[in-house]
Visitor: 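Pasting a structure below so you can have a look.
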Number of protein chains: 2
Amino acid sequence: MDSPVQANEIMKILERSWIFRNFPEQDKKDLVANSSLVRYNNRDVLFKQKTRTSHVMFIVKGLVKIYKENVSNRPVMLKIISGDHFAGLDTLFAEPVYQYSASSIGETTILIMDFGTFNNLLMSNGRFALDVIRLLSKESLYIFTRLNSQIHKQLPGRVADVLLYFSEEIYQSYEFEFPLARHELAELAGTTKESFIRTINEFKHDKIIQLEGRRVKIVSLDIVRILSDLG
Amino acid sequence: MDSPVQANEIMKILERSWIFRNFPEQDKKDLVANSSLVRYNNRDVLFKQKTRTSHVMFIVKGLVKIYKENVSNRPVMLKIISGDHFAGLDTLFAEPVYQYSASSIGETTILIMDFGTFNNLLMSNGRFALDVIRLLSKESLYIFTRLNSQIHKQLPGRVADVLLYFSEEIYQSYEFEFPLARHELAELAGTTKESFIRTINEFKHDKIIQLEGRRVKIVSLDIVRILSDLG
DNA sequence: GGACAATGGTGATCTATATCATCATTTTTT
DNA sequence: AAAAAATGATGATATAGATCACCATTGTCC
């Protein structure tokens with residue numbers, strides 16, 4: 001089992017998280033007893049598509065990239081998950097094997113929970129179940145909009161989406177550093193490395209953004225928004 | 001309130017459905033008391049994007065088409081829902097307004113349930129909550145694969161997907177009738193009417209399928225599969 | 001029963017973006 | 001410190017499929 005030091009740390013994490021905070025004391029203890037805290041380096045694989053689903057992964061610190069791999073060896077990045085959220089929930093409940101892969105972006109801390117325990121809590125704790133339902137719902141809706149964008153927006157619109165995604169969803173700042181290489185950003189925009197680079201560099205030349213390596217500053221937010229809206 | 005005749009009918013429906021069948025008697029009665037059965041004609045709108053979410057819609061008979069409308073007036077069909085499933089669950093839990101529209105395909109019967117009642121049942125009935133979680137999960141995963149296809153498959157692959165979708169998911173038969181016009185099938189394949197028509201007519205000329213108006217017969221299932229797999 | 005809209009279809013043209021090739025820097029590995 | 005791999009970038013070229021413009025049938029509505 002886990003050392004008391006870790007147990008203590010896990011309890012603190014649960015108490016900080018919006019989703020577990022209000023759990024009954026006993027439920028929290030159950031979770032602590034059946035979880036472990038694992039630290040990952042940049043680009044470590046958390047789980048791989050087609051392997052058996054096993055545990056619930058709750059992201060404590062850092063970012064996790066979720067991507068689908070296919071025969072053509074051209075992955076699609078489905079989403080980036082940040083702290084206080086789960087990785088792989090949907091697969092866990094619907095399929096015996098993971099439907100996508102996950103890997104860490106930067107130094108990442110994951111709380112790995114026993115699926116059985118998690119399930120029991122869901123069954124007994126209605127509030128919790130509703131929260132999980134809400135999380136899954138939001139996820140569905142996010143991918144709906146991605147699909148819509150992929151079908152109808154052209155590249156500048158989708159690149160603008162990526163900029164807004166990082167600045168608004170991930171970093172809450174209009175100045176930030178891409179945590180990913182260009183080819184990964186391209187996967188997120190549903191295009192190729194080359195096309196992504198060309199498009200974002202055009203944004204730079206048009207002074208819509210400042211761009212120095214991975215460092216970005218959105219200069220004309222309104223133009224980025226227009227590009228995103230009009231596709 | 002509802003007439004006893006309808007109450008009786010609703011109870012029968014609940015008893016036939018995989019999801020409500022094993023509910024405690026009292027829960028079923030609650031549902032019956034707070035639901036109503038509504039019949040829709042072909043192409044009736046069940047709910048419209050951006051209107052306030054209100055009720056849970058459980059499809060009893062028929063099909064429902066879920067689609068996103070956007071400025072460009074080019075809808076994307078997200079999915080088709082068939083009997084024994086819900087329409088709009090994800091939006092209901094995540095947002096105050098519908099994130100997409102829904103309309104009936106053919107004659108359709110919907111059991112409209114009060115959201116409050118539904119919510120209470122979710123909270124008190126853990127099995128039910130888990131079932132709903134599973135449904136939402138599957139939905140997410142389905143759209144993930146759609147997104148993946150949209151990014152990496154070219155048209156013949158996506159048209160093959162549409163054929164397989166109807167034959168395997170909807171009708172469980174390799175001979176069936178499209179319930180939709182060509183332009184709607186195109187929306188489902190993420191393309192334009194013209195391109196869809198050209199591609200599916202090529203399938204016909206290549207004797208991969210038989211096609212007479214909306215009547216289809218998949219002749220070479222293996223080729224359709226290969227087209228779908230290799231994109 | 002005539003008008004108007006919706007549907008299925010085909011050809012010609014255009015263009016956004018994928019693809020291929022190549023290269024200079026930077027980073028990582030040995 | 002050298003070798004190998006990853007990254008960001010740019011130019012040339014090819015092409016899948018969107019767009020535009022029609023048309024013939026069929027269906028629907030005053």
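Everything quoted here is computed from the prediction, not taken from an experiment. We name chains A, B, ... by the order of the sequence lines, and we start the count at 1 in each one.
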Visitor: Say whether E168(B) and Y174(B), considering side chains only, have a donor N or O and an acceptor N or O under 3.5 Å apart.
Guide: yes

Visitor: Under 4.0 Å between a side-chain N/O of H183(A) and OP1 or OP2 of dA6(D), yes or no?
Guide: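 It does not, given that no N or O in the side chain of H183(A) lies less than 4.0 Å from OP1 or OP2 of dA6(D).
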
Visitor: Could you pick out which residue, L155(A) or G213(B), lies toward the 5' side of DNA chain C when each is mapped onto its nearest nucleotide?
Guide: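 With L155(A) and G213(B) compared, the 5'-side residue is G213(B).
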
Visitor: Let me know the distance between CD of E184(B) and C1' of dG8(C), rounded to the nearest Å.
Guide: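 It works out to 13 Å between those atoms.
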
Visitor: Considering every strand and a 4.0 Å limit on heavy-atom distances, what is the contact class for T199(B): base, sugar-phosphate, or nothing?
Guide: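 If one applies the 4.0 Å heavy-atom cut-off, T199(B) turns out to touch nothing in the nucleic acid.
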
Visitor: Atom CD1 of I223(A) and atom CD1 of I209(A): how far apart are they, to the nearest 0.5 Å?
Guide: 11.5 Å

Visitor: Respond yes when some side-chain nitrogen or oxygen of N201(B) is under 4.0 Å from OP1 or OP2 of dT10(C), and no when none is.
Guide: yes

Visitor: Report the distance from atom NZ of K193(A) to atom C1' of dA9(D), rounded to the nearest whole Å.
Guide: 8 Å

Visitor: Could you state the atom-to-atom distance from CD1 of I151(A) to C1' of dA16(C) in whole Å?
Guide: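 Between C1' of dA16(C) and CD1 of I151(A): 17 Å.
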
Visitor: Find the distance H152(A):NE2 to dT19(D):C1' and express it as a whole number of Å.
Guide: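 Going from H152(A) (NE2) to dT19(D) (C1'), I get 14 Å.
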
Visitor: Among V216(A), I218(A), V162(A), V224(A), find the residue that satisfies the side-chain contact (heavy atoms from CB on, under 4.5 Å) test when tested with S167(A).
Guide: I218(A)

Visitor: How close or far is atom P of dA6(D) from atom CD of E187(A), stated in whole angstroms?
Guide: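 Roughly 14 Å, once rounded to whole Å.
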
Visitor: If you take the centroid of each ring, where Trp contributes its six-membered ring, are Y100(A) and Y98(A) closer together than 6.0 Å?
Guide: no

Visitor: To the nearest angstrom, how far is F178(A) atom CZ from dA9(D) atom P?
Guide: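 Distance check: F178(A) CZ to dA9(D) P gives 11 Å.
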
Visitor: dT10(C), dA18(C), dA18(D): which one has an atom nearest the side-chain heavy atoms of E194(B)?
Guide: dT10(C)

Visitor: Take the protein atom CD1 of I197(A) and the nucleotide atom C1' of dT25(C), then report the distance between them rounded to whole Å.
Guide: 13 Å

Visitor: Quick one: is R214(A) getting a side-chain N or O under 4.0 Å of the dG8(D) phosphate, OP1 or OP2?
Guide: yes

Visitor: Could you check which of dT19(D), dG17(D), dT17(C) has an atom nearest any side-chain atom of P156(B)?
Guide: dG17(D)

Visitor: Does R158(A) make a side-chain N or O approach to OP1 or OP2 of dA16(C) shorter than 4.0 Å?
Guide: no

Visitor: Does the dT19(D) base have a donor-acceptor partner in the side chain of R198(B) within less than 3.5 Å?
Guide: yes

Visitor: Does T191(B) make a side-chain N or O approach to OP1 or OP2 of dA18(D) shorter than 4.0 Å?
Guide: yes

Visitor: Given the side-chain rings of F118(B) and F86(B), with only the six-membered ring counted for Trp, is the space between their centroids under 6.0 Å?
Guide: yes

Visitor: Using atom CG of L180(B) as one end and atom P of dT7(C) as the other, report the distance to the nearest whole Å.
Guide: 11 Å

